[in-house]
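Only a predicted model underlies this, so the values are computations on that prediction, with no experimental measurement involved. Below, all heavy atoms of this structure are taken into account, side chains as well, without hydrogens, waters or symmetry copies. Counting starts at 1 for both ligands and their atoms, in listed order.
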Amino acid sequence: MDKPVRVRFAPSPTGYLHIGGARTAIYDWLLARATGGQFILRIEDTDRARLVPDALADIMDSLRWLGLDWDEGPDVGGPCGPYLQSERLHIYQAHAERLVEEGKAYYCFCSEERLAALRAAQQAAKAEIVGYDRRCRDLPAAEAEAALRRGEKAVIRFKMPLTGETTFHDAIRGEITVANRLLDDMVLLKSDGFPTYHLAAVVDDHLMGITHVLRGDEWLPSTPRHILLYAAFGWEPPLFAHLPVFLNPSGGGKLSKRHGATSVREYREKGYLPEALFNFLLLLGWHPPEEREIFTAAEAVAAFSLERVSKTPVAFSPEKLDWFNGVYIRSLTPEELARRCLPFLQRAGLLPDPCPPERFARVVRVAPLLRERIHLLTDAPEQFGIFLEDEIPAPAPELLLGKKLSPEAARAVLERAAVVLAELPSFDEVSLEPALRNIARELGLKDGEVFMLLRVAVSGRTATPGIFETLAAIGRERCLDRINKAREVLG
Ligand code: GLU
């Protein structure tokens, strides 16, 4: 076993858990579990303007739904807390000031207006290097202190090396080198005392003993800045691993909202199983060592490694996710399928909440018949409806008769079925089959004609599971009621 890792998932609560973030969290969790290390949940809530009130609750809820647990985090605590960055402001402030004292950072008093004008001018001139022009970089210390004493607003900026290059090794991308002159003197601490992402992430990753930083490729441009910050503090950087972005299904461009759901919550609400989404995201960027696609979480822990993560972007295929969902739905026991469908049935008003045991038992009883017909759990109300509702709307006469049957023949079938089904000693598939075939024979009709008429009469539709199982599962009393209603429809 590799050395135990300490990994963190560090979402900003600016929206619901994104599927890209979920994949990062899955890979973090796999590494932690495979090495006997720790998976840490850290909430990067320092961008106050973009906070979404229920995002934190959603992130934790969605991670748990995917089957991920964390060893340290805002809810469970841990030795390196607090795990909400907004509760660590004094730590970032002290670190930023330390860099100022050491001459590695400086106070900048430039106004928003000046910075905006600077940006506009650089854009207009199509400058190669955009960013702060370092006006305050060499302000004498006494002047800066006097300005601070006067209460002038200031940020703390990093003194970026003006020459040289920064090189680091990415576990997935290999060696990456950037010329320092392309990097501007980034802000570390804002004038309201909040840190920027760069400062907070570096300080926390260090103080929390993080050994591996997994994050999306979109953070790659930040990493040279982070490496330079580690050097300024005299710290050893962690190993970085930047995960490939998701492309939209056609492979052209990044996946965006326009191409469908992007939050875990949306997939959950659409009726995907967590096992399916987990397995799908696992393979969206990681190639298993053997030709194989189905992985439980435990199997993924055993098989996963960073070496097999793709360097190049991966196309997101909704069909593949649907395929996984089908595989996992078909693998559920009837009890388990019933349990997964229950909230969807309750939301559709087909069952009360809480659901009495005898009514749940009905769902379990019917579940095996519907397993092949449920692709998403949201299909459950439509599929289970005819088995759970006491009454269904009476079918239209045309539907009952179909293409061939005359009203007289249909009436005769229903009349005969009402008697035969009422008298059947036990109302199950085995007894129903000969009884129905017998009706067809007596009336000189084809078996299929009788079956289809009864199917429509008891379900209101032309497609259901096998007719004998369907009748048995609906139950004698409801079948007789519905057959009688259908007789009234035919007059
Ligand atoms: N807060 C950043 C995000 O929302 C974290 C990036 C990182 O992992 O360093 O993705």
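Residue contacts with ligand 1: Val213 is placed with no nitrogen or oxygen under 3.5 Å of a nitrogen or oxygen of the ligand (distance criterion only).
Ring geometry, Trp70 versus Phe39: the interplanar angle exceeds 60°, so the pair is classed perpendicular (tilted spans 30 to 60°).
Contacts between Ala201 and ligand 1, counted as non-hydrogen atom pairs separated by less than 4.0 Å, are absent for every part of the residue.
The line from NE2 of His242 to OG1 of Thr24 is 10.0 Å long, rounded to the nearest 0.5 Å.
The single protein non-hydrogen atom nearest to atom 3 (C) of ligand 1 is Trp219 CZ2, 3.5 Å, given as residue, atom name and distance. What sits closest to atom 8 (O) of ligand 1 on the protein, heavy atoms only, is Arg8 NH1, 2.6 Å. Among all protein heavy atoms, the one lying closest to atom 4 (O) of ligand 1 is Ser12 OG, 3.2 Å.
The distance from ligand 1 to the heavy atoms of Glu44 drops below 4.0 Å at these ligand atoms: 1 (N), 2 (C), 5 (C). Counting the atoms of ligand 1 from 1 in the order shown, those under 4.0 Å from a heavy atom of Ala10 are 1 (N), 2 (C), 3 (C), 4 (O), 5 (C).
Judged by distance alone, with hydrogens and angles left aside, the side-chain atoms of Asp184 form no donor-acceptor pair with the main-chain N or O of Asp133 at under 3.5 Å.
A cation-pi geometry, defined here as NZ or CZ lying under 6.0 Å from the six-membered ring centre and within 45° of its normal, does not hold between Arg225 and Phe158. Both cation-pi conditions hold for Arg23 and Tyr27: the charged atom is under 6.0 angstrom from the six-membered ring centre and inside a 45 degree cone around its axis.
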Practice task
Walk me through it: do His95 and Phe233 pass the test ring pair (Phe, Tyr, Trp, His ring centres under 6.0 Å)?
Solution key: CA-CA 9 Å; His95 280 85; Phe233 282 117; 5.5 Å; yes
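Ligand 1 lies within reach of Tyr197, whose nearest heavy atom is under 4.0 Å from it.
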